[in-house]
> 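Provided herewith is a single structure, encoded as structure tokens, for subsequent inquiry.
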Amino acid sequence: MKAYIDSGQRRVVQFIQPFVHSVPFIKEWHNLTNFNTPEDFKQACAALPK
């Protein structure tokens with residue numbers, strides 16, 4: 001993995017995929033599960049309980 005990253009690669013999903021486990025979560029948590037953009041992060045923050 002070090003050689004992979006040192007070569008300029010950044011997609012590490014292939015290395016963590018064997019450790020990924022699906023877990024159930026409530027619908028209200030959907031916006032808190034993945035952030036790809038600053039807008040996604042803002043939406044997740046807005047979804048948090050006050």
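Quick note: numbers below take in every heavy atom, side chains included, and nothing from hydrogens, waters or symmetry partners.
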> Checking V13 against V20 for the side-chain contact (heavy atoms from CB on, under 4.5 Å) test, could you report, in this order, the C-alpha distance in whole Å, the side-chain angles of both residues, the deciding distance, and whether it holds?
CA-CA 9 Å; V13 172; V20 172; over 6 Å; no
> Test your reading of the model: is there a side-chain donor-acceptor pair from Y4 to the backbone of R11, 3.5 Å cut-off?
yes
> Taking atom CD of Q9 and atom CE of M1, what is their separation to the nearest 0.5 Å?
11.5 Å
> Roughly how far, to the nearest 0.5 Å, is the CZ atom of F15 from the CD1 atom of I5?
7.0 Å
